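Throughout, protein chains are lettered first and strands after them, A, B, ... in sequence-line order, and every chain is numbered starting at 1. Predicted model, so just to flag it, every value in this text is computed and none were measured. Computation of the quantities below employed the complete heavy-atom set of this structure, encompassing side-chain atoms and omitting hydrogens, waters and symmetry-equivalent molecules.
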Amino acid sequence: MAKKVKLPLTEETIAELKAGDNVLLSGTLYVARDAAHKRMVEALKRGEPLPFDIKGQTLYYMGPSPAPPGRPIGSAGPTTSTRMDMYTPRLLAEGLKGMIGKGIRSEEVKTATKKHKAVYLAAVGGAGALISKSIIKSDIIAYADLGPEAILRLEVTDLPATVINDIYGGDLYVEGKAKYRK
Amino acid sequence: MREIKAGAVTGAISNLFNQANYELGEDVLTALKKARQEEESPLGQEVIDTILKNADIASNERIPLCQDCGVAVVFLELGQDAHIVDGDLYTAVNEGVRQAYDEGYLRKSMVARPFSERINTGDNTPAVIHTDIVPGDRLKITVLPKGGGAENMARLGMLLPSAGRRGVVEFVVNAVDEAWSKPCPPVIIGVGIGGTAEKAASLAKHALLRKVGEPSPDSEIADLEREILEKVNNLGIGPMGYGGRITALSVHAESFPTHITSLPVAVNLQCHSARHREIVL
């Protein structure tokens, strides 16, 4: 049974999430992937503010297909999180609390996630059509020139995801593999 | 000499990329349903259910199966007695890609200058085109929109000949183990053995075009495919890496004679959104 979770995440909600939990996310989240991460971290290094207040927010690693007429967004599944790893600890230090993507994270990211009491979730890769049905609104809020890599703000209802790394050190990828390995 | 109009090639390419990105093939659906029966992990079962439901939504509501609509990989088998008229063959292919990705609301993912500015080409061209000249007067076109996440997990090994069959099995199983959750399992594993470095890589990609679950017609290779599949499915990675029995749906291997000093092995992973379509003109 999937837990209903409101976004942005609260400390109390994060404390209840354990690796392997299925959740349905509702509320506001932000979309950023490779090029947007690079720009955000470069901005921080120059002492400039981010294009949105990241404190307490959740990032979805995703680059949608174009929205056809009458729909808020096209296909909208997760991309591989590993490519964001080199930028993630800096964003966690700025107050990022949730990340949605797919695939294993680096040890540095896992350590920083635990340290900053954040949570990493995965959505099913290749289920972009299904996931798009839970996105009710999508607005470009920054870096429009990056095309499918622009930063978006999404309103979502019951977006399905699974907890991978929780604040207790749980790691579904490691635990799941160990459980079924022969 | 039979004439084939370049415009017909463009139309066919455009249709094939649209079909492939919106409708999962029957072979893939059948393999996924079988995997659902065999998967023991509850989370793994749910992932496969999600993938099957996604395929329904994509087809019924016209939403691409995956937002990564891929690099446009195109295989051409051109009969030596066919003559392309009214235009250049590769220009016609790229025009088909441009039309499909523009009119079909597919994501354009190609960037020019891979090592520097990485500016999007805007229309998902150029296609990666592989051409074989074959007997006959037909043109067989196969399209394979290939997602980046799985392609990034490709491996090439120049093994010592003494490594033999065991070395090949180990190399492939390790490649899948290291790729872990990243290539969107359950995957289809393309393996190319022999030839030269680039021949092995090309065979591994070509092997992905075979119908999922169909064994190699060569019994020794079919036996190798079975052994690799069993070992890979004992890794425990499972659907989307959440842990489980089904890490791969199928292993497809192709081999080619090689040099006395060499044993090249290439691995090309295909995510579960295994999109490919073909037509003969």
Study note, to complete from the structure: Between the OG1 atom in A/T162 and the CD atom in B/E46, the distance rounded to the nearest 0.5 Å is 7.5 Å
Practice item. Kindly indicate whether the side chain of B/I63, heavy atoms from C-beta on, has any atom under 4.5 Å from the side chain of A/S75. Key: yes
Practice item. Examine whether an atom of B/D177 lies under 4.5 Å from a heavy atom of chain A, and if so say whether it belongs to the side chain, the backbone or both; otherwise answer neither. Key: both
Review point. Is the CD atom of B/E26 crowded by more than 12 outside heavy atoms at less than 6.0 Å?
Key: no
Check your understanding: If you take all heavy atoms of B/S181 and A/I104, which pair is closest and at what distance?
Key -> OG-N, 3.1 Å
Exercise for review: Side chain from CB out, backbone as N, CA, C, O: work out which of these in B/K231 comes under 4.5 Å of a heavy atom of chain A, or both, or neither.
Suggested key: neither
Check your understanding: Does some side-chain heavy atom of A/K182 sit less than 4.5 Å from a side-chain heavy atom of B/R245?
Key -> yes
Check your understanding: For A/A2, is it the side chain, the backbone, both or neither that has a heavy atom under 4.5 Å from a heavy atom of chain B?
Key -> neither
Review point. Where does B/L65 contact chain A at under 4.5 Å (heavy atoms): side chain, backbone, both or neither?
Key: backbone
Review point. For the candidates B/I57, B/D56, B/V47, B/T247, which exhibits the highest count of non-hydrogen atom pairs separated by less than 4.5 Å from chain A?
Key: B/I57
Study note, to complete from the structure: Counting heavy-atom pairs under 4.5 Å with chain A, the top scorer among B/N152, B/L106, B/N120 is B/L106
Review point. Where does A/P64 contact chain B at under 4.5 Å (heavy atoms): side chain, backbone, both or neither?
Key: backbone
Revision key, fill the gap. Counting heavy-atom pairs under 4.5 Å with chain B, the top scorer among A/A76, A/S81, A/G103, A/G126 is A/G126
Practice item. Please say whether more than 12 non-hydrogen atoms of neighbouring residues, nucleotides or ligands are located less than 6.0 Å from NZ in A/K115. Key: no
Review point. Looking at side-chain heavy atoms only, is the closest gap between B/Y242 and A/I164 below 4.5 Å?
Key: yes
Point to revise | pair B/I246-A/Y180: side-chain heavy atoms closer than 4.5 Å | key: no
Review point. Relative to chain B, which of A/P66, A/G128, A/G74, A/A67 shows the most heavy atom pairs under 4.5 Å?
Key: A/P66
Practice item. Look at atom NZ of A/K133 and say whether more than 12 heavy atoms of other residues, nucleotides or ligands are closer to it than 6.0 Å. Key: no
Check your understanding: Does A/I131 reach the side chain of B/Q67, with side-chain heavy atoms less than 4.5 Å apart?
Key -> no
Review point. CG/A/D145 to CD1/B/I119 distance, rounded to the nearest 0.5 angstrom?
Key: 10.0 Å
Review point. Near A/R46 CZ, under 6.0 Å, is it more than 12 heavy atoms from other residues, nucleotides or ligands?
Key: yes
Exercise for review: Could you check which of A/A19, A/G20, A/A129 has the highest count of heavy-atom pairs closer than 4.5 Å to chain B?
Suggested key: A/A129
Check your understanding: Considering all heavy atoms of both residues, which atom of A/R181 and which atom of B/L235 are nearest to each other, and what is their separation?
Key -> NH1-O, 3.0 Å
Check your understanding: Who among B/C66, B/G44, B/P64 has the most heavy-atom pairs with chain A under 4.5 Å?
Key -> B/P64
Review point. Counting heavy-atom pairs under 4.5 Å to chain A, which of B/G244, B/P239, B/A55, B/P183 comes out on top?
Key: B/G244
Check your understanding: When you measure from the side chain of B/D68 to the backbone N and O of A/T79, does any donor-acceptor pair fall under 3.5 Å?
Key -> no
Review point. Looking at A/P160, A/S132, A/A122, which one has more heavy-atom pairs under 4.5 Å with chain B than the rest?
Key: A/A122
Study note, to complete from the structure: On a heavy-atom basis, the closest approach of A/Y173 and B/M240 is CE2-O, 3.5 Å
Review point. Can you find a heavy atom in the side chain of B/E61 that is under 4.5 Å from one in the side chain of A/R71?
Key: yes
Check your understanding: By a 4.5 Å heavy-atom criterion (distance strictly below it), what part of A/K102 contacts chain B: side chain, backbone, both, or neither?
Key -> side chain
Exercise for review: Taking the side chain as every heavy atom from C-beta outward, state whether A/L130 and B/T50 have any atom pair closer than 4.5 Å.
Suggested key: yes
